[in-house]
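Everything below concerns the one structure shown next.
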Amino acid sequence: MQQANRSRHRHITSFQVISLGFLSVILLGSLLLMLPIATKSGQCTSFLDALFTATSAVCVTGLVVNDTATYWSLFGQGVILLLIQIGGMGIITIAIAIAVVSGRKIGLMQRSTMQEAISAPTVGGIVRRTQFIIRTTILIEIIGAVLLAPVFCRDFGFWKGIWYSLFHSISAFCNAGFDLIGIRTPFSSLTSYSVQPIVNLVIMMLIIAGGIGFITWEDIKNHKWHFKKYRMQSKVIFMVTGILIFLPALYFFYFEFSNVPLTERVWVSLFQSVTPRTAGFNTADLTLLSEVGQMLIIMLMLIGGSPGSTAGGMKTTTLAVLVSSALSVFRKKEHTHFFGRQIPDGTIRNAATIFLMYIVLFLVGGMVICRTEDIPLMTALFETASAIGTVGLSLGITPDLGLVSHIILICLMFFGRVGGLTLIFATISEKKPNSVQEWWCLVPLVMFMQNFFYETAQMKLFIPKGSLPIGLRSVIVLIIFSIT
């Protein structure tokens, strides 16, 4: 019997831990958002709407079926923000950070899982990297909130302005796209700040900072302006990111927003070239763009951010590898090179596989939604690209979609955040004996979340007496541990 149990535990790999970690937090977040105190009306949210919102938050997407500002209460917005923060930094990053603080020993298997989660080059120094990720995230988000505070405090009052500043700073750095400006006009995102320089500049910088990846930030910290000393991955990320911001901005400036005043034209062009890279905010009405403009945004959404970042999508490095490989074929060269270094064949195969999976799921999902909802194919493809790229931009159809379409978008958001190869390897994996009980690294995170919300409820800080369903705490724990 003991041998059978040990054999069962050996089957849990790093990829399964990552996938199950995201799924566990999504389910827990869904249960919390179903509570009456999570909404301003005091009504319970349906499981599907709660699941959709929790998935969008944990997968840092930003697609919503209910306006975040007008539908969710302060408690509900707090749950969403916590899910965004956990999803942005990564489930395993948070779990290991809590384990370190609680004094747990981080074994080799947990370090290997962390390496997979953040796309680290080596296992060595992974705990130090975790601490660096936490510190960097907190520092950047605080700076962003401080810079946004003067504008939001002026517009919404001091305390609400502080909350709005913190919410949008975290949402932008985590590339989530959730916003609270719907208090003016529901589902309007940041369109009322299209010419506000501080909001535009700070949000764009936060999006870029979160999207280039923590490994790149480590290079910046260690080597400062000595670009030649950076890892090849960081060099590729900077190059591709610069191109994907500059060229679309030129197109938007000369073709899509040519009829608006110059100042607004510059800001909206830059913002709409940055935000499709998995951020989800918008300062212009996307339904007014031409089909070419919408297709350009779809392409940017599919590409996404960079490895080991808060962003989703196929990743900038995948695009770079595929383009470089194609150029080597055109030049009749046997090997693919970047910055004087050869790209391994395995990396090229992985990039091609990821590209194929994303394109197939994006197209099939769009066609199914188009047929099911009887809407234009371009509109449906825009929605599926936003979901699988974990972007959050929409042409305004998300709340009105049916059950099947919402389930498709939930699956695409999960796939886009966890990663195609991670899900494949989690489903079809070799039974390696060195993956014993890796799932225990999630225990501190699970216990922290369920205890935090339960104790908060019992102290009557958020939940009135008697409104917490009987046995909810036990159900949450049972679900989480049955999954893991």
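All of these numbers come straight from a predicted model, not from anything done at the bench.
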CZ-CD1 distance between Phe52 and Ile26, expressed to the nearest 0.5 angstrom: 12.0 Å
Would you say Ile220 and Ile212 make side-chain contact, with heavy atoms under 4.5 Å? yes
For residues Gly29 and Ala54, report the shortest heavy-atom separation together with the two atoms involved. C-CB, 4.0 Å
Without swapping roles, check the side chain of Ser171 against the backbone of Asp179 for a donor-acceptor pair under 3.5 Å. no
Side-chain heavy atoms of Cys174 within contact of Glu141, under 4.5 Å: yes
Side-chain contact, heavy-atom cut-off 4.5 Å: Val199 with Trp267? no
Sidechain-backbone polar pair: Thr185 side chain, Ser188 backbone, donor-acceptor under 3.5 Å: no
Would you say that more than 12 heavy atoms from the other residues, nucleotides or ligands in this model lie under 6.0 Å from the CZ of Phe227, or not? yes
Measure from the side-chain N and O atoms of Glu264 to the backbone N and O of Val260, and report whether any donor-acceptor pair falls under 3.5 Å. no
Ile297 vs Phe252 side-chain heavy atoms within contact, under 4.5 Å: yes
Start with the C-alpha gap between Glu373 and Ser405, add the side-chain angles, then the distance that decides, and say whether side chain to side chain donor-acceptor pair (under 3.5 Å) holds. CA-CA 8 Å; Glu373 305 291 338; Ser405 299; 2.6 Å; yes
Taking the side chain as C-beta and beyond, is there a heavy-atom pair between Thr398 and Phe187 under 4.5 Å? no
Heavy-atom check, side chain of Leu403 versus side chain of His406, under 4.5 Å: no
Thr55 side chain to Ile410 backbone, donor-acceptor under 3.5 Å: no
I want to check something: taking the side chain as every heavy atom from C-beta on, are Met34 and Asp49 in contact at a cut-off of under 4.5 Å? no
Residue pairs passing the salt bridge (Lys or Arg N to Asp or Glu O under 4.0 Å) test where at least one lies in residues 346-372, sequence neighbours excluded: none
Looking only at heavy atoms, what is the nearest atom pair of Ser30 and Ala50, with distance? O-CB, 3.5 Å
Return the minimal non-hydrogen interatomic distance between Ile183 and Ala69, and the atom names on each side. N-CB, 3.6 Å
About how many Å separate CD of Gln342 and CE of Met232, when rounded to the nearest 0.5 Å? 10.0 Å
Close side-chain approach of Tyr71 to Lys40, heavy-atom, < 4.5 Å: no
Pairs in or reaching into residues 184-205: which pass salt bridge (Lys or Arg N to Asp or Glu O under 4.0 Å), with residues at least two apart or in two chains? Asp155-Arg184
side-chain contact (heavy atoms from CB on, under 4.5 Å) for Ile303 and Thr278? Distances and angles first, verdict last. CA-CA 9 Å; Ile303 295 169; Thr278 85; over 6 Å; no
Using a 3.5 Å distance criterion without hydrogens, assess whether the side chain of Thr136 forms a donor-acceptor pair with backbone atoms of Ile133. no
For side chain to side chain donor-acceptor pair (under 3.5 Å), just list the numbers for Thr336 and Ser324, CA-CA rounded to whole Å, side-chain angles, deciding distance to a tenth of an Å, and then say yes or no. CA-CA 6 Å; Thr336 301; Ser324 181; 5.0 Å; no
Under 3.5 Å, side-chain donor or acceptor atoms of residues 235-245 against the rest of the protein: list the pairs with distances, not counting sequence neighbours.
from: Lys235; atom 1: NZ; to: Lys228; atom 2: O; distance (Å): 3.2
from: Thr241; atom 1: OG1; to: Ile237; atom 2: O; distance (Å): 2.6

Indicate yes or no for a side-chain donor-acceptor contact from Ser56 to the backbone of Thr53 under 3.5 Å, with no hydrogens or angles considered. no
Going through the distances and angles, do Leu409 and Ile369 end up as a side-chain contact (heavy atoms from CB on, under 4.5 Å)? CA-CA 9 Å; Leu409 293 179; Ile369 291 178; 4.0 Å; yes
Where do Thr216 and Tyr230 land on the side chain to side chain donor-acceptor pair (under 3.5 Å) test, with the steps shown first? CA-CA 8 Å; Thr216 304; Tyr230 285 20; over 6 Å; no
Would you kindly check if the NZ (Lys) or CZ (Arg) of Arg417 is within the cone defined by 45 degrees around the ring axis of Phe22 and under 6.0 Å from the six-membered ring centre? no
Donor-acceptor pair, distance only, cut-off 3.5 Å: does the side chain of Lys332 make one with the backbone of Val329? no
Distance from Asn222 atom CG to Lys229 atom NZ, nearest 0.5 Å? 10.5 Å
For Phe255 together with Tyr251, are the ring centres under 6.0 Å from each other? yes
May I ask you to check whether Tyr193 and Phe152 place their ring centres under 6.0 Å from each other? yes
Which heavy-atom pair separates Leu286 from Gln272 by the least distance, and what is that distance? CD2-CG, 4.2 Å
Dump the intermediate steps for side-chain contact (heavy atoms from CB on, under 4.5 Å) on Leu148 and His168, then the final yes or no. CA-CA 8 Å; Leu148 291 172; His168 290 92; 4.3 Å; yes
Do you know which two heavy atoms are closest between Asn175 and Leu206, and how far apart they sit? ND2-O, 4.4 Å
CG of Asp345 to CG of Asn350, rounded to nearest 0.5 Å, is 11.0 Å
Here the gap from Glu383 atom CD to Ile408 atom CD1, rounded to the nearest 0.5 Å, amounts to 11.5 Å
Within 6.0 angstrom of Arg154 CZ, more than 12 heavy atoms from elsewhere: yes
Taken to the nearest 0.5 Å, the spacing of Gln294 CD from Met301 CE works out to 9.5 Å
Between Phe167 and Phe178, is the ring centre distance below 6.0 Å? no
Verdict with supporting geometry, Ser290 and Glu256, side chain to side chain donor-acceptor pair (under 3.5 Å): CA-CA 7 Å; Ser290 66; Glu256 296 295 340; 2.5 Å; yes
Is it true that the side chains of Thr61 and Thr390 contain a donor and an acceptor less than 3.5 Å apart? no
When Leu412 is tested against each of Leu361, Val364, Leu63, Ile407 for side-chain contact (heavy atoms from CB on, under 4.5 Å), which residue passes? Leu361
With distance as the sole test, does Thr318 use its side chain to make a donor-acceptor pair with the main-chain N or O of Ala351 at under 3.5 Å? no
Within 6.0 angstrom of Met205 CE, more than 12 heavy atoms from elsewhere: no
Will you find, in the side chains of Thr68 and Gln77, an N or O donor that is under 3.5 Å from an N or O acceptor? no
Run the numbers on Thr45 and Trp72 for side-chain contact (heavy atoms from CB on, under 4.5 Å), then give the verdict. CA-CA 10 Å; Thr45 303; Trp72 300 107; 3.6 Å; yes
Any donor and acceptor pair, going by atom type alone, linking the side chain of Arg277 with main-chain N or O of Gly304 inside 3.5 Å? yes
